[in-house]
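Down below is the structure, laid out as structure tokens.
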Amino acid sequence: GPPKVSSSSMASQYYQAMQDNFKNNNKSREFPAHSAKVHSVAWSCDGKRLASGSFDKTASVFVLEKDRLVKENNYRGHGDSVDQLCWHPTNPDLFVTASGDKTIRIWDVRTTKCIATVSTKGENINICWSPDGQTIAVGNKDDVVTFIDAKTHRSKAEEQFKFEVNEISWNNDNDMFFLTNGHGCINILSYPELKPIQSINAHPSNCICIKFDPTGKYFATGSADALVSLWDVEELVCVRCFSRLDWPVRTLSFSHDGKMLASASEDHFIDIAEVETGEKLWEVQCESPTFTVAWHPKRPLLAYACDDKEGKYDSNREAGTVKLFGLPNDS
């Protein structure tokens with residue numbers, strides 16, 4: 001038969017293809033979204049909409065048209081900063097926001113209304129939706145994680161942790177729940193039992209963010225030591241580290257095919273790494289620290305938001321923009 005293609009030569013083909021893609025599509029464009037800094041951006045599962053949450057207490061939703069984001073709506077109701085948001089894993093119309101006002105709110109883009117406001121114990125900072133769509137987990141400043149039934153909007157369980165909880169996430173199979181913590185560990189609980197399975201010493205310092213790749217093979221963590229580490233989901237071992245950033249890693253996102261990993265920090269660029277080799281595929285230049293990055297679920301387009309205050313532009317115009325990288329240079 002034909003000679004087997006080694007994975008490294010496959011990887012280099014991908015590397016070349018993406019280099020060529022970004023050489024022709026390395027334009028970033030910004031879109032006014034909010035009146036204050038944007039904390040979180042996320043794409044709906046079908047990639048048609050982008051939502052952003054802001055310090056200005058609102059969420060905004062854009063529709064992606066060819067090479068631009070067109071603002072569809074602004075969602076008001078929270079009494080404090082919207083720190084994080086996420087979409088339903090399979091319903092492209094529903095998203096949920098977490099706020100410092102001690103509530104989470106579920107919104108429907110078809111009615112532009114708040115479907116539910118769920119009161120929680122503390123100031124919410126982290127939120128994620130389970131892969132099966134049934135549960136929303138929200139973490140607060142007091143390191144309590146509340147599990148909310150997405151249908152009844154009632155709390156199903158509440159866990160108080162004895163350590164600083166940073167980001168939270170289910171694995172893709174929905175049977176384990178992961179937390180990154182202030183001691184540099186990844187804590188893994190069984191789900192729905194919430195019994196501790198394992199604690200991995202991932203980093204020498206604060207472990208900040210965690211993301212699972214769409215294929216379910218890897219997850220990545222970012223830490224205060226400026227390292228991104230890539231983990232094998234099955235073996236729970238670190239496969240490789242990415243060390244091109246100099247500042248604490250705030251945000252991570254895998255591309256739709258699981259082959260690229262974007263990471264960002266207070267460095268004035270977003271690193272785009274090839275997952276299988278760890279090589280740098282591209283870097284997106286930024287004028288200021290980046291708070292949030294999100295790859296489109298189907299295309300090599302990266303949404304992101306920066307701390308615009310320190311930008312070189314007029315601070316009023318620049319505050320609260322959402323940015324899109326990967327647009328055609330001639331667009």
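Side chain of Thr251 to backbone of Val293: a donor-acceptor contact under 3.5 angstrom is found. Although no hydrogens or angles enter the test, the distance criterion places a donor-acceptor pair under 3.5 Å between the side chain of Thr180 and the main chain of Ile208. Distance alone, capped at 3.5 Å, is enough to place a donor-acceptor pair between the Gln84 side chain and the Ile127 backbone. Looking only at distances, a side-chain donor or acceptor of Glu167 sits under 3.5 Å from a matching main-chain atom of Ile210. At least one donor-acceptor pair under 3.5 Å links the side chain of Thr292 to the backbone N or O of Val41. With hydrogens and angles ignored, the 3.5 Å screen pairs no side-chain donor or acceptor of Lys298 with any backbone N or O of Gly47. Side chain of Arg240 to main chain of Val275: a donor-acceptor pair is present (N/O by atom type, distance under 3.5 Å, no hydrogens or angles).
Note: Phe177 CZ to Asn171 CG = 10.5 Å, rounded to the nearest 0.5 Å.
In this structure, the side-chain contact (heavy atoms from CB on, under 4.5 Å) partners of Glu72, at least two apart in sequence or on a different chain, are Arg49, Val61, Val63, Val109. With sequence neighbours excluded, no residue forms a side chain to side chain donor-acceptor pair (under 3.5 Å) with Asn91. In this structure Asn206 satisfies the side chain to side chain donor-acceptor pair (under 3.5 Å) test together with Glu164, Asn166, sequence neighbours excluded. Remark: Phe22 engages Trp282, Phe325 in a ring-ring contact (aromatic ring centres under 6.0 Å, His included) (not counting sequence neighbours).
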Show me the donor-acceptor pairs, under 3.5 Å and distance only, between side chains in residues 191-201 and residues at least two apart or in other chains.
unit_1: Tyr191; atom_1: OH; unit_2: Thr135; atom_2: OG1; d: 3.2
unit_1: Glu193; atom_1: OE1; unit_2: Ser190; atom_2: OG; d: 3.2

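Thr58 and His34 share a donor-acceptor pair across their side chains, judged by distance under 3.5 Å alone. A side-chain donor from one of Ser229 and Thr221 sits under 3.5 Å from a side-chain acceptor of the other. Between the side chains of Asn124 and Ser99, not a single donor N or O lies within less than 3.5 Å of an accepting N or O. A side-chain donor from one of Glu276 and Tyr218 sits under 3.5 Å from a side-chain acceptor of the other.
Under a cut-off of 6.0 angstrom, the local environment of NZ in Lys27 is crowded, with over 12 non-hydrogen atoms contributed by other residues, nucleotides or ligands.
Residues Arg244 and Glu283 are not paired through a salt bridge, judged by the lack of any N-O separation under 4.0 Å between the basic side chain and the carboxylate.
Under the 30°/60° scheme for interplanar angles, the aromatic rings of Phe291 and His39 are found to be tilted.
The ring-ring contact (aromatic ring centres under 6.0 Å, His included) pairs that include a residue from residues 119-143 are His88-Trp129, where partners are two or more places apart or lie in different chains.
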